[in-house]
Amino acid sequence: MTISAVIIGSGRMGRAHANNLSEMPDVRVVGCADVRQDAADALAHEFGAASACDYRELLERTKPDVAYLCTPADEHAEQITFAAERGINLFVEKPLAPSVRAAQAAADAVERYGVLCTVGYQWRYSPVTDTARAALGESPPTMLAGWWYWTIPPIPWIRDRRIGGGQVFEQATHLIDLMRYFAGDVKEVYATYADNAIPHEELPNWDASAVSLRFANGAVGSLHTTYALFPGIPGSNGVDVAARNLLVRINLGGTTVFRPGADPSQTPAPAGWNIDQEFVSILRRNDPGAIRATAREAAKSICVSLAANYSAVTGTVVSLEEFMADPPDDPRIMPVPGAAAGGDPTR
Ligand SMILES: NC(=O)c1ccc[n+]([C@@H]2O[C@H](COP(=O)([O-])OP(=O)(O)OC[C@H]3O[C@@H](n4cnc5c(N)ncnc54)[C@H](O)[C@@H]3O)[C@@H](O)[C@H]2O)c1
């Protein structure tokens with residue numbers, strides 16, 4: 001059976017997923033949408049696909065098996081509902097949504113219409129994560145530490161925290177989600193952010209973060225990130241998980257397991273692996289149970305990032321339960337709706 005896919009948001013990630021999909025047998029990219037017609041046309045041309053400015057018109061016309069939402073987070077909720085109502089399966093790039101309420105609404109819509117939906121938290125599906133889980137076995141994690149040493153984001157709207165939401169929301173959400181995959185729900189967050197290294201005119205964003213996490217199962221976690229560095233630093237992102245006499249170090253390049261009295265055991269990631277192969281296989285098997293990054297899990301993960309932003313701007317320890325039950329409507333912690341698609345980010 002040929003699987004047909006429409007790409008919505010024909011930018012960097014839209015192109016990356018379209019390329020992955022086009023390399024798979026019996027998968028066709030049948031349409032590309034973008035609010036910028038030239039971007040939609042250019043990507044569609046590469047794959048002999050239809051193109052449109054209006055994703056709704058394109059979905060109605062092409063009726064694909066799956067829509068890939070590669071748009072900024074604030075566009076997702078409406079796009080998810082429109083596609084799910086029509087029975088179209090969904091791949092949604094992270095972050096799922098710009099606010100607690102929008103994230104919960106997006107997860108509700110996916111569950112109401114029963115479509116297959118994954119969020120693009122690829123670490124959950126990676127074979128390197130399976131290796132880490134196998135090494136941990138039944139040992140309860142007691143400490144998790146994530147880091148992301150990065151540079152000024154190349155995509156202009158991601159650079160601006162009013163539009164991109166900041167590094168902990170936009171990028172390190174991957175690490176928070178992976179920590180949650182190992183240790184479960186987060187109970188409390190405390191975060192401090194800095195902007196010491198790069199002038200505001202060059203980077204209208206925080207340039208560093210230090211985040212403390214307490215998990216509901218009693219484990220502790222920490223996350224530190226920066227945009228002040230440069231690409232090419234070996235091991236520039238990853239997650240450590242510590243259990244009794246066991247350290248598991250995971251990044252997309254591979255997993256290393258440290259045990260007392262033994263050489264570290266290294267398992268590299270398989271060459272050419274990507275999340276689209278996993279999701280297409282789930283679509284072919286119609287296997288909702290194999291979805292590891294459900295919209296509901298992704299909603300919880302992005303709420304931790306939003307809670308960290310809230311902690312950083314208020315200087316308080318944030319209880320996730322209270323934060324999610326009664327989300328503060330604080331514009332400093334979430335991206336401005338519509339700004340990434342050309343709206344005005346000023347408040
Ligand atoms: N999973 C990963 O590892 C990973 C890596 C990088 C980026 N991302 C995520 O992918 C998303 C897209 O990032 P990107 O780097 O491709 O950005 P981008 O700016 O290159 O692409 C986004 C595209 O969406 C278009 N767009 C905006 N609103 C739209 C709408 N309503 N309808 C149709 N098109 C619309 C824009 O014009 C743009 O072309 C971001 O949320 C980012 O966090 C994920």
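The first residue in the sequence is number 1, and the count goes up from there. As the structure is a computational prediction, the values presented were derived from the model and not from experiment. In listed order, ligands and their atoms are each counted from 1. Computed over heavy atoms, backbone and side chain alike; hydrogens, waters and symmetry mates excluded.
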Heavy-atom gap W157 to ligand 1 smaller than 4.0 Å: yes

Residue-ligand contact H174/ligand 1, heavy atom below 4.0 Å: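 Yes, that is the case, since the closest heavy atom of the residue is under 4.0 Å from the ligand.
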
Using a strict cut-off of less than 4.0 Å between a Lys/Arg side-chain nitrogen and an Asp/Glu carboxylate oxygen, indicate whether [X] and [Y] qualify as a salt bridge.
X    : Y    : value
D177 : K94  : no
R61  : E57  : yes
R292 : E297 : no
R112 : E85  : no

In ligand 1, which numbered atoms sit nearer than 4.0 Å to a non-hydrogen atom of [X]?
X    : result
P95  : 41 (O), 43 (O)
G120 : 1 (N)
E75  : 28 (N), 31 (N)
Q122 : 1 (N), 2 (C), 3 (O)

Selection from C32, C70, S10 by shortest heavy-atom distance to atom 22 (C) of ligand 1: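 Selected option, by shortest heavy-atom distance: C70.
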
Closest candidate by heavy atom, reference atom 43 (O) of ligand 1, pool Q79, E170, M13: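 Checking each option, the heavy atom nearest atom 43 (O) of ligand 1 is found in E170.
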
Evaluation steps, side-chain hydrogen bond (donor to acceptor under 3.5 Å, both in side chains), between Y113 and T81: CA-CA 9 Å; Y113 295 105; T81 304; over 6 Å; no

Donor-acceptor pair between E93 and T71 side chains, under 3.5 angstrom: no

Polar contact flag for H76 and ligand 1 (N/O pairs, less than 3.5 Å): no

Structural part of I155 in contact with ligand 1, heavy atom criterion under 4.0 angstrom: side chain

Location of contacts on R12 toward ligand 1, heavy atoms closer than 4.0 Å: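 For R12, backbone and side-chain atoms both sit under 4.0 Å from ligand 1.
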
Aromatic ring pairing W123/W148, orientation class (parallel under 30°, perpendicular over 60°, tilted between):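 Tilted.
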
Closest contact, heavy atoms only, A183 versus L144: CB-CD1, 3.7 Å

